[in-house]
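Let me begin by presenting the structure, written as structure tokens, before commenting on it.
Heavy-atom basis, side chains included; hydrogens, waters and symmetry copies ignored.
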Amino acid sequence: MKVVRTALVAGVAFWGMGAAAPASAQFFLQSYNFEGKPVRGDEPGIGQPLPGANPAELRAGLLWNMRAALNVAALQCQFEPMLSTVANYNAILKDHDVELKGAFDTLGAYFKRTSKTPREGQMALDQYGTRTYSSFAAVAAQLNFCQTAGSIAHAAVFTPRGHLGELAVERMRELRNSLTPYGEQRFPRYIGREHVAVTMPRLDAPCWNKKAQWVAKKCGAQNWPPAGGTSLAAR
């Protein structure tokens, strides 16, 4: 009875741990590690260039890039409901509306400052937004991008208000890295197609006598079985 009771307690504890963990989609047994170092916002490949931007403007651009990526994920990743990309994105817009609006206003002020006229500034802002969205096209790496964006959106939901920019600093490199396609990391990409030389036995008629014995005088030393043992399939 003691053994049964102990097993029951352990099972309930294990179930409780599983229930407490957030649901997430896992597309591979082992996903590629896309993590990267924190960024400022002016590193190559992180976002659209903002020449002459001050630290506050770079931070605004970084946050707006992350918001755009999570928006794209909400549209492209609905095939996996466990990612909750739509629900999480809507929650982010509601919970972090003040910080997001501040980032957009800061970007608007930047383009006005760096353009000759207000009209040119608005056009530059519109182009910036269009190019930012387009930069998150993830056709070849959809699974990687969706899984990473889902994880970041989940973290954003639980980020205190006023600190969403810090999350962008910490994880935008990871989000950009996820646009590079990678597959299963636990096993070779093509199982059974490893670069191993395959040795086949010689079946030429002159190499065998009427008793099905190898004729070394005609064909030299027999090449079968191959040195080093047999293949995985034979085992």
Side-chain angles (χ1 to χ4, degrees), residues 20-50 58-104 106-107 128-186 189:
S24 62
Q26 185 71 24
F27 300 120
F28 307 104
L29 291 176
Q30 181 178 341
S31 301
Y32 185 83
N33 184 1
F34 293 105
E35 293 180 4
K37 296 181 179 180
V39 294
R40 297 183 307 273
D42 58 350
E43 294 86 351
I46 290 297
Q48 298 301 307
L50 295 173
L58 289 175
R59 179 74 167 255
L62 196 60
L63 177 54
W64 203 251
N65 264 265
M66 187 176 76
R67 187 210 62 83
L70 298 184
N71 190 358
V72 171
L75 297 172
Q76 292 188 358
C77 306
Q78 296 182 42
F79 66 91
E80 178 46 83
M82 291 186 68
L83 290 174
S84 301
T85 52
V86 176
N88 285 341
Y89 179 69
N90 289 336
I92 292 167
L93 293 183
K94 181 178 180 180
D95 293 343
H96 299 284
D97 56 339
V98 174
E99 189 173 359
L100 290 171
K101 183 181 183 302
F104 185 75
T106 299
L107 283 173
Y128 175 84
T130 301
R131 291 169 179 169
T132 296
Y133 272 92
S134 299
S135 68
F136 289 105
V139 176
Q142 187 179 30
L143 297 181
N144 298 325
F145 171 73
C146 288
Q147 186 170 331
T148 303
S151 171
I152 293 175
H154 181 268
V157 169
F158 292 93
T159 297
R161 292 175 180 173
H163 295 273
L164 194 62
E166 297 173 14
L167 181 65
V169 168
E170 291 294 327
R171 303 195 65 177
M172 266 306 301
R173 175 66 73 184
E174 177 184 358
L175 192 52
R176 283 294 182 187
N177 289 345
S178 72
L179 295 172
T180 302
Y182 281 94
E184 178 63 63
Q185 300 298 301
R186 177 67 66 179
R189 187 175 294 270

Between atom [atom1] of [X] and atom [atom2] of [Y], what is the distance when rounded to the nearest 0.5 Å?
X	Y	atom1	atom2	value
Leu62	Asp42	CG	CG	9.5 Å
Cys146	Phe79	SG	CZ	4.0 Å
Leu93	Lys101	CG	NZ	14.5 Å
Ile92	Asp97	CD1	CG	12.5 Å
Tyr182	Phe34	OH	CZ	7.0 Å
Asn144	Thr180	CG	OG1	8.5 Å

For [X] and [Y], indicate whether the former's side chain and the latter's backbone hold a donor-acceptor pair under 3.5 Å.
X	Y	result
Glu166	Leu164	no
Glu99	Gly165	yes
Gln78	Val86	no
Asn71	Arg67	no

Show the nearest heavy-atom pair for residues [X] and [Y], with the distance to one decimal.
X	Y	answer
Arg171	Ser151	NH2-OG, 3.1 Å
Arg173	Glu43	NH2-CB, 3.6 Å
Ala137	Leu179	O-CD2, 4.0 Å
Ser31	Gln147	OG-NE2, 3.1 Å
Ser178	Ala141	O-CB, 3.6 Å
Leu175	Ala69	CD2-CB, 3.4 Å

- Heavy-atom side-chain proximity of Gln48 to Asn65 below 4.5 angstrom: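 No - every pair of side-chain heavy atoms lies 4.5 Å or more apart.
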- Item | Stepwise side-chain contact (heavy atoms from CB on, under 4.5 Å) test for Asn177 and Tyr32 | CA-CA 10 Å; Asn177 289 345; Tyr32 185 83; over 6 Å; no
- Task: Write out all pairs satisfying salt bridge (charged side-chain N to carboxylate O under 4.0 Å, His left out) with one or both partners inside residues 144-162, taking only residues at least two apart or from two chains.
- Result: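 Salt bridge (charged side-chain N to carboxylate O under 4.0 Å, His left out) check on residues 144-162 returns Asp95-Arg161.
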- Phe136 six-ring face occupied by Arg176 cation (under 6.0 Å, within 45°):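 Geometry flag: set, cation within 6.0 Å and 45°.
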- Going by the angle between their ring planes, with limits at 30° and 60°, are Phe104 and Trp64 parallel, tilted or perpendicular?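 Judged by the thresholds at 30° and 60°, the geometry between Phe104 and Trp64 is tilted.
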